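The structure appears below as structure tokens.
Everything quoted here is computed from the prediction, not taken from an experiment.
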Amino acid sequence: ERAQFYSFRKTVRLDISKMYQEQMRSLKNMLADQCTYVSLTVDLWSDRRCRSFMGVTAHFIEGEVLDSAVLCCKKFEGMNIWDFRFTGFF
């Protein structure tokens, strides 16, 4: 039972990773081939447990539709957003 669950979890993890890679490849190709202008926004925040995160979003016009896509969302280990502010990051 446990080995089967582990196998399923591993398969799902690999499938999600493959799907992510395919979506990122598709997004990069679309941005390179079809978009003249791309605007990036960066957001920094921390949760109630003082864990810090950074997200990067691309905003673009595809055809006549304004669209956006999250490029990344990362957790900062061992530091919070105020460390950046006081170390000259901003």
Pairing residues for [X] by the side chain to side chain contact (heavy atoms under 4.5 Å, CB included) criterion, not counting sequence neighbours:
{"X": "Val12", "value": "Phe8, Ile16"}
{"X": "Lys75", "value": "Arg51, Phe53, Glu77"}
{"X": "Glu62", "value": "Met30, Gln34, Phe60, Asp67"}
{"X": "Asp43", "value": "Trp45"}

When hydrophobic residues are tied together by side-chain contacts of less than 4.5 Å, even through go-betweens, does [X] share a cluster with [Y]?
{"X": "Val65", "Y": "Val38", "result": "no"}
{"X": "Ile61", "Y": "Leu31", "result": "no"}
{"X": "Leu66", "Y": "Leu40", "result": "no"}

### Rounded distance [0.5 Å steps], CD in Gln21 versus OG in Ser26
12.5 Å
### Summary
Sorted by chain and residue number, the side chain to side chain donor-acceptor pair (under 3.5 Å) partners of Thr41 (sequence neighbours excluded) come out as His59
### Query
Which pairs count as salt bridge (charged side-chain N to carboxylate O under 4.0 Å, His left out) when at least one residue sits in residues 22-37, sequence neighbours excluded?
none
### Task
Please tell me if the side chains of Leu27 and Leu71 come closer than 4.5 Å, counting only heavy atoms from C-beta onward.
yes
